[in-house]
Amino acid sequence: MLDTVLVILLTALLAIGALLTAMTSRLLRAAIMLAVTSAVLTAIMFRLNAPLAAVFELSVCAGLVPAIFISAIGLTRRLDPEGLKARFKDRIKRYWFLPVILVAVAAGLSQIHFVTDFIVSAPDSAGETVQTVFWNTRPLDLLGQVAALLAAAFAVVVLLKETTND
C-alpha cells in the first residue's frame, strides 16, 4: 500500500516537473527542470524494480543531457536574422555530406546479417535477469550506450573548446 502511494506521488511529481519543463520560456530553467524530472523518473524506476533502466536514466537523462544543454545555452548568443541566414548557408556548404554518410552506414549495416541476429536475440530461459540478457545476448545495445555516451562527451569537449586566433 505504501509503495503504491509513493509511486503515485512520484508520478504526480513527474507530471508536474514535465509540465514545468515544457511550459517555461527560459531555456536554462527548462534544462534544470528536465534534470529534476529525469531524477524523479529514476526514483520511480527504482521503486518499480528496474534498476538498470534507472541507472541509465540517471546517468544519461538526468546528468549528461542537461549538462550538454546548459553548456550549449551558456555558449550561445542571439543572432540577427541576416546572421542566421548566413550561418545556415555556411553550415549547409560545410556539412552537406554528413546525411549521405549516415544513410550509407545505415544501408551497410542493414546488409550485415549478424547485426540482425544480435538485435532480435531473446533470452534462452525465462529465469535470466535483465543484466544477464543485456551483457550476454545484447552486445549491440551495450555498444550503442557506450557510443552515445562517448559522442556526448566528445560534443561537450567540442562545445567547451576555446578557439585561438594565431
Side-chain angles (χ1 to χ4, degrees), residues 1-81 83-84 87-88 91 95 98-99 102 105-106 109 115-116 118-162:
M1 176 68 178
L2 185 60
D3 282 344
T4 305
V5 171
L6 183 61
V7 169
I8 290 171
L9 287 174
L10 285 171
T11 305
L13 189 59
L14 178 74
I16 292 168
L19 186 64
L20 290 174
T21 301
M23 298 301 290
T24 186
S25 61
R26 305 209 29 132
L27 291 177
L28 187 59
R29 282 189 197 147
I32 292 169
M33 285 308 302
L34 177 65
V36 170
T37 303
S38 291
V40 172
L41 182 58
T42 299
I44 292 171
M45 288 178 177
F46 272 117
R47 293 302 309 160
L48 296 176
N49 202 19
L52 195 60
V55 167
F56 282 123
E57 178 71 25
L58 186 62
S59 65
V60 176
C61 299
L64 187 62
V65 171
I68 292 171
F69 285 166
I70 291 169
S71 299
I73 291 166
L75 294 172
T76 58
R77 58 182 161 77
R78 292 189 184 268
L79 293 176
D80 60 335
L84 285 173
R87 192 172 190 175
F88 179 74
R91 285 185 178 174
Y95 300 116
L98 291 179
L102 181 64
V105 168
L109 285 176
V115 172
T116 57
F118 282 127
I119 292 172
V120 298
S121 64
D124 293 332
S125 67
E128 288 188 8
T129 64
V130 173
Q131 292 89 345
T132 305
V133 171
F134 186 73
W135 289 103
N136 296 336
T137 63
R138 304 292 297 217
L140 287 182
D141 293 346
L142 179 62
L143 182 63
Q145 284 289 332
V146 170
L149 288 171
L150 288 175
F154 180 71
V156 168
V157 169
V158 168
L159 285 173
L160 297 177
K161 180 182 176 195
E162 289 188 86

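In this chain, numbering begins with 1 at the start of the sequence shown.
Counting heavy atoms of neighbouring residues, nucleotides and ligands inside a 6.0 Å radius, atom CZ of F69 does not exceed 12 of them.
In this structure, R29 CZ and L20 CG are separated by 10.5 Å, a value rounded to the nearest 0.5 Å. Rounding to the nearest 0.5 angstrom, the gap separating the OG1 atom in T24 from the CG atom in L34 is 12.0 Å. I73 CD1 to R26 CZ: the interatomic distance, rounded to the nearest 0.5 Å, is 10.0 Å. Taken to the nearest 0.5 Å, the CG atom of L14 stands 13.5 Å off from the CD1 atom of I8. In this structure, OG1 in T11 is found 9.0 Å from CG in L41, a value given to the nearest 0.5 Å. We find the CG-OG distance between L64 and S59 to be 8.0 Å, quoted to the nearest 0.5 Å.
When all heavy atoms of A62 and A39 are compared, the pair lying nearest together is CB-N, 3.9 Å. In this structure, M33 and G17 approach most closely via the heavy-atom pair CE-CA, 3.9 Å. Annotation for I70 and A31: closest pair CG1-CB, 3.8 Å, computed over non-hydrogen atoms.
Sorted by first then second residue, the salt bridge (charged side-chain N to carboxylate O under 4.0 Å, His left out) pairs that include residues 45-59, not counting sequence neighbours, are D3-R47.
I68 is not listed as a side-chain neighbour of P66, based on a closest heavy-atom distance of 4.5 Å or more. With a 4.5 Å cut-off on side-chain heavy atoms, I16 and T37 do not count as touching.
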Pair F46-L10, side-chain contact (heavy atoms from CB on, under 4.5 Å): steps then yes or no: CA-CA 11 Å; F46 272 117; L10 285 171; over 6 Å; no

Working for side-chain contact (heavy atoms from CB on, under 4.5 Å), residues L13 and L9: CA-CA 6 Å; L13 189 59; L9 287 174; over 6 Å; no

